[in-house]
Colleague: 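I have a structure here, written as structure tokens, and I will follow up with some questions on it.
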Amino acid sequence: MHNVFIQDLAAILLTGGAFGWMFKKFFKLPLILGYIFGGVLLSLPISYTPYVVSKESANTLAEIGVLLLMFSMGLHFGLRKIQSLGVSPAIVGASQALLMWLIGTNVAPFFNITGFEALFLGAVIATASTAVIVKILEDHQLKSARFAEKLMAVLLIEDSIAIFMIIWLSTSSSGESIQLMEIIPIFIFSILLWWFLGTLLLPRIIHSAFKTGKEELLVILSIGLALGLAYLSASWNFSAALGAFIMGSILSDCRELKKIELVIEPVKNLFTLVFFVSVGFLFSPEIILEKWSLILALVATIIICKIGLNLIFNLFVGQGIKDSIRISGSMGQIGELSFVIAQVGVSLGVIENKTFSAIVATAVITMLLTPFIFKFSIKLAENPETLIPKPIYKFIESYSQAVINFSLENKMAPFYKRFSIFKWIRYLTENTKSRLKKNFMLMTSKNVTATLDRLAPWDEYLVHVHVGADADITGRNLIDLKLREKFSVNIVAIERNNRTIISPKATEVVIPGDTLLVYGNEESITKLEIFCSKEKQEEENPLTIDQCLLAGVNLHEKHPFIGKSILELGIRVNYNCIVLAVNRNNVRIKNPVSNFIFDHNDELFIFGTRNSLEKIKELHASV
């Protein structure tokens, strides 16, 4: 085994874990900031730090982290869920990515960056970081929020655009010519082929593997399939991250979905830490002094233009003010595919090493700023009506409801048959005017799925909420929990192992690993998710199994147990013990029933704590 690799991995885990713990516990900051800061420390060749020698091993481990992160997001955002979001994410993702490419290309000449280097630089700032956004959503427990689904769909479109950028830029800069119309059919056909074959075969294979080897084979096959399709995707000149995401989407239809999410969670967290530490590790502090003007310009362009464009396009497609603010507030950084684009440019000799260092510095700075911008956007989205003039606020909300009404009514009909672009504009204009007059929306949808997906104007949804293994909610029935009264939600169904309990009774007990299908608004569901993940409070002196013992107690003729049954004595309740066996006249009576009556000279074999057995012995001695 290679000693350098062990040294690298140990240094990354220990440093990242230590700084993540310090940032979270003492400064109340997100874990990723601690991870990145730990990586920056590792990049400094200081004698008293665990200096990492090999960048290659760190980059390899970081790539695995990104792939597992994308795989887990694919599990959460399957094909059906992405289809239910409609064409809005495609419009937002494609439009703002292409415009950011154009803006970045025009900013570059101000810093003597021209030609293909400017095109590469524009492509670098066109995509956001899925890893950063997912981690922030998890830290704020917003992974199941409705806007998070829309956000992930936009990121998926961005990554697809980035793939075309990589293919076109790499071929054009090397002097080759490639037609865009040649790439698109191959790209779409490849994805459809993966989904088709995967949907037919993989769910059956996963189910058989789980029945054969339980969690062990499940985690091995799941991660193996994710990395396998990622490698195949990269070998076809697509994105490895896209392949991992597609595999997650394929497996999202498996019956063992919840178990897959649980078993890969520790592995994903491990390699996610490695990814963020490696990002900080690539950072060179001295480059800030040399390229400060370029870095400052890129950071300002990303934060101002990317957030602004996302806000505008999300409002245009009818996402509403609150969701538009929260989605756009998440997008102020560059991410994993940006590194890939930059590295391709360096390998082709198009991007200079100093420019690449400036790109890395920009990525680190924007990643460090993102948690604070996101937190601000969440607070801003709570009461946007206080910041926007009332007429403008009403107009935007009415327009959003008009777009929703249009999409619901005509979702099942081919757009090109029933509507032209002029009819679409006229429809939105007339419906917006109607909304401003009536101030409410009449639901006339024929699509049941779309209607359940969003019930305007109340913004209430159906969301899956997972119950933790050690959650305080477990072991209690629904009537005692009073979830409707506490959180204003309805428990529509409970998914448990391979069965689903529709409209559960009030006496239904919540057990660890359950998944609750909950109907409510975003705020109430977020509070419920926190409650379902809250662990039971630990006792001051928790009892362990090694503090219990099996002991024998002889009953003499005047013992108070004689002539009484186990139930009458209440041995379980009063003494916290269990009678496992009774030796009567050399005849062993195993597991005596509750109405078993003790007789003199019986020898009881009791299992319990030392304190409880001492209590029985004292009772024996006092008679």
Colleague: Measuring from L98:CG to I161:CD1, what's the distance to the nearest 0.5 Å?
Modeller: 5.0 Å

Colleague: Are the side chains of I511 and T474 in touch, meaning some heavy atoms are under 4.5 Å apart?
Modeller: no

Colleague: Quick one: does Q333's side chain have a donor or acceptor within less than 3.5 Å of a partner on T370's backbone?
Modeller: no

Colleague: Can you name the nearest heavy-atom pair linking I125 to G104, along with the distance?
Modeller: CD1-CA, 3.5 Å

Colleague: Apply side-chain hydrogen bond (donor to acceptor under 3.5 Å, both in side chains) to the pair S488 and S524, showing each step before the final yes or no.
Modeller: CA-CA 6 Å; S488 300; S524 60; over 6 Å; no

Colleague: I'd like to check S400 versus Q319 (side-chain heavy atoms, cut-off strictly below 4.5 Å). Are they in contact?
Modeller: no

Colleague: Can you say whether the rings of F374 and H140 are parallel (under 30°), tilted (30 to 60°) or perpendicular (over 60°)?
Modeller: perpendicular

Colleague: To the closest 0.5 Å, what do you measure between OG1 (T355) and CG (L294)?
Modeller: 6.5 Å

Colleague: State the CG-OH distance between N490 and Y519, to the nearest 0.5 angstrom.
Modeller: 8.5 Å

Colleague: Show the numbers, then the answer: is there a side-chain contact (heavy atoms from CB on, under 4.5 Å) between I378 and L142?
Modeller: CA-CA 11 Å; I378 292 295; L142 292 172; 4.0 Å; yes

Colleague: Using 0.5 Å steps for rounding, measure from the CD1 atom of I325 to the CD1 atom of I307.
Modeller: 11.5 Å

Colleague: Would you say that more than 12 heavy atoms from the other residues, nucleotides or ligands in this model lie under 6.0 Å from the CZ of R476, or not?
Modeller: yes

Colleague: Specify the closest pair of heavy atoms between L137 and A148, including all atoms of both residues, with the distance to one decimal.
Modeller: CD1-CB, 4.0 Å

Colleague: For a side-chain contact (heavy atoms from CB on, under 4.5 Å) check, start with the C-alpha distance between L251 and F71, then their side-chain angles and the critical distance, and finish with the verdict.
Modeller: CA-CA 9 Å; L251 297 185; F71 174 65; 3.7 Å; yes

Colleague: Measure across V492 and P504 and return the closest heavy-atom pair with its distance rounded to 0.1 Å.
Modeller: O-CD, 3.5 Å

Colleague: Is a salt bridge present between K268 and E265, judged by a nitrogen-to-oxygen distance below 4.0 Å?
Modeller: yes

Colleague: Counting C-beta onward and ignoring hydrogens, is there a side-chain heavy-atom pair between K505 and L478 closer than 4.5 Å?
Modeller: no

Colleague: Does the pair K322 and E397 meet the rule for a salt bridge (charged side-chain N to carboxylate O under 4.0 Å, His left out), with working shown?
Modeller: CA-CA 10 Å; K322 292 183 179 180; E397 286 299 297; over 6 Å; no

Colleague: If you look at every heavy atom in L155 and A128, which pair is closest and at what distance?
Modeller: CD2-CB, 3.9 Å

Colleague: Report the C-alpha separation of T362 and I302 in whole Å, then their side-chain angles, then the decisive distance to 0.1 Å, and conclude whether the side-chain contact (heavy atoms from CB on, under 4.5 Å) test is met.
Modeller: CA-CA 9 Å; T362 303; I302 292 166; 3.6 Å; yes

Colleague: Any side-chain to backbone donor/acceptor pair from Y399 onto G320? Under 3.5 Å, distance only.
Modeller: no

Colleague: Could you check I295 against I365 for side-chain contact (heavy atoms from CB on, under 4.5 Å), going step by step and ending with a plain yes or no?
Modeller: CA-CA 9 Å; I295 295 171; I365 293 171; 3.7 Å; yes

Colleague: Measure the spacing between CD1 of I36 and CG of L41 and express it to the nearest 0.5 Å.
Modeller: 14.0 Å

Colleague: Considering non-hydrogen atoms only, spot the tightest contact between D514 and H466 and give its length.
Modeller: O-ND1, 3.6 Å

Colleague: Is any side-chain heavy atom of I327 closer than 4.5 Å to a side-chain heavy atom of K150?
Modeller: yes

Colleague: Return the CG to CG distance between L156 and L151, rounded to the nearest 0.5 Å.
Modeller: 11.5 Å

Colleague: Judged by atom type as modelled, is there a donor-acceptor pair below 3.5 Å linking the side chain of K306 to the main-chain atoms of M100?
Modeller: no

Colleague: Can you tell if the side chain of L387 reaches within under 4.5 Å of the side chain of L380, non-hydrogen atoms only?
Modeller: yes

Colleague: Once side-chain contact (heavy atoms from CB on, under 4.5 Å) is applied, do any residues pair with F37, and if so which ones, sequence neighbours excluded?
Modeller: F19, F23

Colleague: Sub-3.5 Å donor-acceptor pair from the side chain of S338 to the main-chain atoms of I334, do we have one?
Modeller: no

Colleague: When you look at NZ of K24, are more than 12 heavy atoms from neighbouring residues, nucleotides or ligands closer to it than 6.0 Å?
Modeller: yes

Colleague: For I494 versus I491, what's the shortest heavy-atom pair and its separation?
Modeller: CG1-CG2, 4.1 Å

Colleague: Do the side chains of L121 and L298 get nearer than 4.5 Å, heavy atoms only?
Modeller: yes

Colleague: Can a salt bridge be assigned to the pair E508 and R496 using a cut-off of 4.0 Å between side-chain N and carboxylate O?
Modeller: yes

Colleague: Do the non-hydrogen side-chain atoms of V467 and P512 ever get within less than 4.5 Å of each other?
Modeller: no

Colleague: So W21 and F26, would you call those rings parallel, tilted or perpendicular, with 30° and 60° as cut-offs?
Modeller: perpendicular

Colleague: Between S95 and I91 (side chain of the first, backbone of the second, donor and acceptor by atom type, cut-off under 3.5 Å), is there such a pair?
Modeller: yes

Colleague: For K486, does the NZ atom sit with more than 12 other heavy atoms under 6.0 Å from it, leaving out its own atoms?
Modeller: yes

Colleague: Is there a donor-acceptor pair closer than 3.5 Å between any side-chain N or O of N477 and the backbone N or O of D480?
Modeller: yes

Colleague: Taking the side chain as every heavy atom from C-beta outward, state whether M367 and S129 have any atom pair closer than 4.5 Å.
Modeller: yes

